[in-house]
Amino acid sequence: MSHVRVRFAPSPTGFLHIGGVRTALFNWLFARQQKGVFILRIEDTDQSRSTDESIHAIIEGMQWVGLDWDEGPFRQTERMDLYRSHAMQLLDKRQAYWCICTAEELEARRKDAEAKGLSPRYDGRCRNLAITKPTGEAALRFKAPQTGETVVDDLIKGKIVFDNAVLDDLIILRSNGYPTYNFSVVVDDALMQVTHVVRGDDHLTNTPRQVPIFQALGFPVPRFGHLPMILGSDKARLSKRHGATSIMAYKDMGYLPEAMVNYLVRLGWSHGDQEVFTRQDMIEKFAWKNVQTSAAVFNPDKLLWMNAEYIKTSPPNHVARALVPLLEQAGLKGEVAAVSDEWLAQLVVLVKERAKTLVEMVDWVKPYFGQAVVFEEEAARKFLTPAMAPVLQKLLARFESFPSFSKQTWEESFKKLVEEEGIKMGQLAQPVRVALTGRTASPGLFEVMDVLGRDRTLFRLRQGIERAKTGQA
RNA sequence: GUCCCCAUCGUCUAGCCUGGCCUAGGACGCCGGCCUUUCAAGCCGGCAACACGGGUUCGAAUCCCGUUGGGGACACCA
């Protein structure tokens, strides 16, 4: 029973992308299911584009979505001698050679070839020069096989055959001594004993270039799996044009990480008709054969629905915990500090089926902080009219006679008054709603009163009556 | 240009491997209704797809070939 070892290997050249998270997720799921190892490796061999901020963003993003790794994070820049020594091995074995073509020359030839409608491949002119000690700048190239074929049995797409004749000799060591991607991945995947290389579809054509390197180095070739891409609504590769692509942007927009993960796992993978999965569910049910072979369009509407589902069904105290930072950002730091966790959870229950994001929830929840109510002008003008004052006064008197709040008795009392006055429920409910919350839309009145408590309910009712009498705040 | 991948409702997908159970199922969104003190939520119903053309077969969404369309790759980026 060979031990499964998989990895997620992002390059730190920006924020953590949604597509990257999905790739990481599928790897993670497989590792957890197989009781294997999930490795985090930072591919930062391009020093001109890699930044420490990006590394932090990757780690932060992974932590937010709860994808924990067992080994790493490794940084390729800390493993330079490994790549160099393996490159030298290939040179010694004559499976690599020095190339003294300059980057400019190469670029010019490539342009030329493209203009002529030819394949922009390296022409191999240094291949047989047998340069042993280059005097100036030189890059090391791998001698790729030129005949035969490379067959990949992809975990997702099945058998794929590549003709080796289309391969060219790729650079494995740049003239500055740094390895290139196609070489460093191979050395790392081999040395880290990665058993399954699962990555984006955009790497599919890299596979036949990498397989011969594994072989030349004498390493076993891992299994490969290529995940379909995530597209935008116009079927083009998902980019900023389609909206936020940074995973952390979704945190800021009020998404729950569980919802994000659930949405992402369904983008390209399915288990019959099931839409909602717990982590454990995903781990147990995940299978490569159920991973989609075609690209998927990212659908923000469905993600939003998923988030709403999680807001409604997650434990209220869990949602409350996620909500607190957003509340504080909204300027309610003092108010939040003054209330208990239990009350906050109660608040979540009050509004949870109305808010699709935590950002929306912040807005729904605002009226319940503080003693006094803040009226929405239009709402107050419409419902807190002088004509309403006497009825509200009567309601207040009845409520005041109760020593404590009870949903049932207060509601009965309310209905009785409506009946006696010969008015409709709505005629009294709306003014009371505005008095209590300042707005025309809110959860059920008696749930609102429950959250507010007897004192504040009475206080706000009086405040509403004042406003109704005077027509002023 | 060359090579590779892909193709079921607008979108995510089930079904395809192991042809008949498919007058193609579910979900998001949309539309209509119910419920209702507001706003939601919930419930019920509706619209909507096998890219096209050839085969194979008694029978094809399912297997084969081609066409078309989409995507990706061809760097001293990853």
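Not measured: the values here are computed from a predicted model. Labels below follow one simple rule: chain letters A, B, ... track the order of the sequence lines, proteins then strands, and each chain is numbered from 1.
For B/rA41, one of the phosphate oxygens OP1 or OP2 lies less than 4.0 angstrom from a side-chain nitrogen or oxygen of A/Lys356. The shortest distance between the side-chain N/O atoms of A/Lys312 and the OP1/OP2 oxygens of B/rG42 is below 4.0 Å. For A/Ser270 and B/rA14, the shortest distance from a side-chain N or O to OP1 or OP2 is below 4.0 Å.
Nucleotides B/rC9 and B/rG55 have their C1' atoms positioned 28 Å apart, rounded to a whole Å. Separation of the P atoms belonging to B/rA14 and B/rC76 is 39 Å when rounded to the nearest angstrom. Separating the P atom of B/rC21 from that of B/rU68 is a span of 33 Å, rounded to the nearest Å. For the C1' atoms, the distance from B/rG45 to B/rG54 is 41 Å, rounded to whole Å. Atom name P, nucleotides B/rG53 and B/rA75: the rounded distance is 39 Å, in whole Å.
With a 4.5 Å cut-off on side-chain heavy atoms, A/His86 and A/Pro179 do not count as touching.
Between the side chain of A/Asn206 and the base of B/rA78 there is at least one donor-acceptor pair of N/O atoms closer than 3.5 Å. Side-chain N/O atoms of A/Glu275 and base N/O atoms of B/rG26 include a donor-acceptor pair closer than 3.5 Å.
Applying side chain to side chain contact (heavy atoms under 4.5 Å, CB included) to A/Tyr263 and the options A/Ile18, A/Leu304, A/Asn299, A/Asn307 leaves one that passes, A/Asn299.
In this structure, A/Glu309 places its CD atom 15 Å from C1' of B/rC12, rounding to the nearest Å. Straight-line distance from the CZ atom of A/Phe74 to the C1' atom of B/rA78: 19 Å, rounded to whole Å. Atoms CD (A/Glu378) and P (B/rU38) sit 18 Å apart, rounded to a whole Å.
B/rC30: Watson-Crick or G-U partner is B/rG46, with both key distances under 3.5 Å.
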#### Entry: ring-ring contact (aromatic ring centres under 6.0 Å, His included) between A/Phe26 and A/Phe286, worked out
CA-CA 8 Å; A/Phe26 283 16; A/Phe286 183 80; 5.5 Å; yes
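By the 30° and 60° cut-offs, the orientation of the rings of A/Phe224 relative to A/Phe214 is perpendicular.
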